[in-house]
K.L.:
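Please find one structure pasted underneath; my questions will follow.
Residues take their numbers from the sequence shown, with the count starting at 1.
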Amino acid sequence: MKELQFGEKTVPITASAPALLYYRQEFGADLIGDMTKMISDYDTGGDQEENPEATTSDALALGNINFLSFLQLAWAMAKAYQYGKPFPKFETWLNDYGEDIDFSDEGFIIDIVEEATTGFFRQNQGVRGAFASRRK
């Protein structure tokens, strides 16, 4: 369980099986499949390890991020945290928190990804580790 900060608001999230179902029901897609695409879209081919100050790579990476997908992932995990309790549809939830979202806070996206990868891929090194053995 992690807590996301939306400005002054705190939203608890948890990566659990109900989140998979809620994501499918609300968005008609597979959460894990979309999550792997989100992470691979972030990879730009630029090597930031060689030049950590590379603002061009940073800008390209930022341009490849589908921020709405991360919010959908957060919504599904927030709903899973509130399992059994009334929870708003994505559009309503987004309206309630939308003004407080700060995408310049890199911790916001990192918290979403960390919760999802540690929660859904417990025995591996996150989502990349789970699929790395399939590439060999």
K.L.:
Show the nearest heavy-atom pair for residues Ile13 and Ala78, with the distance to one decimal.
P.N.:
CG2-N, 3.8 Å
K.L.:
Hey, could you give me the CD/OG1 distance between Gln5 and Thr10, rounded to the nearest 0.5 Å?
P.N.:
3.5 Å
K.L.:
Between Phe6 and Asp96, is there a side-chain heavy-atom distance shorter than 4.5 Å?
P.N.:
no
K.L.:
Starting at CG of Leu71, measure out to CD1 of Ile101 and round the result to the nearest 0.5 Å.
P.N.:
4.5 Å
K.L.:
What's the separation between atom CD in Gln72 and atom CG in Asn66, rounded to the nearest 0.5 Å?
P.N.:
7.5 Å
K.L.:
According to the interplanar angle, ranging from 0 to 90°, do the rings of Phe27 and Trp75 count as parallel (below 30°), tilted (30 to 60°) or perpendicular (above 60°)?
P.N.:
perpendicular
K.L.:
Does atom CD of Gln25 have more than 12 heavy-atom neighbours from other groups under 6.0 Å away?
P.N.:
yes
K.L.:
I want to check something: taking the side chain as every heavy atom from C-beta on, are Leu4 and Ile112 in contact at a cut-off of under 4.5 Å?
P.N.:
yes
K.L.:
Say whether Tyr97 and Phe67 are linked into one hydrophobic cluster, either directly or through other cluster members, by side-chain heavy-atom distances under 4.5 angstrom.
P.N.:
yes
K.L.:
Closest approach of Met35 and Ala116, non-hydrogen atoms and distance?
P.N.:
SD-CB, 3.2 Å
K.L.:
To the nearest 0.5 angstrom, please state how far the CE atom of Met38 sits from the CG atom of Leu68.
P.N.:
9.5 Å
K.L.:
Do the side chains of Tyr22 and Tyr83 get nearer than 4.5 Å, heavy atoms only?
P.N.:
yes
K.L.:
Has Glu3 got more than 12 heavy atoms of other residues, nucleotides or ligands less than 6.0 Å from its CD?
P.N.:
yes
K.L.:
Looking at every heavy atom in both Asp111 and Lys2, which two are closest together, and how far apart are they?
P.N.:
O-CD, 3.4 Å
K.L.:
If you look at every heavy atom in Thr14 and Glu115, which pair is closest and at what distance?
P.N.:
CA-OE2, 3.3 Å
K.L.:
As an exercise, state the distance from CG of Asp34 to OH of Tyr23, rounded to the nearest 0.5 Å.
P.N.:
3.5 Å
K.L.:
Starting from the C-alpha separation in whole Å, work towards a yes-or-no answer on side-chain contact (heavy atoms from CB on, under 4.5 Å) for Phe120 and Leu31.
P.N.:
CA-CA 10 Å; Phe120 294 124; Leu31 184 150; 3.6 Å; yes
K.L.:
Which heavy atom of Phe108 sits nearest a heavy atom of Asp102, and at what distance?
P.N.:
CB-O, 4.4 Å
K.L.:
Which atom pair, heavy atoms only, marks the closest approach of Ala15 to Gly119?
P.N.:
CB-CA, 3.7 Å
K.L.:
Kindly confirm or rule out a cation-pi arrangement of Lys79 over Phe87, judged by NZ or CZ under 6.0 Å from the six-membered ring centre and within 45° of its axis?
P.N.:
no
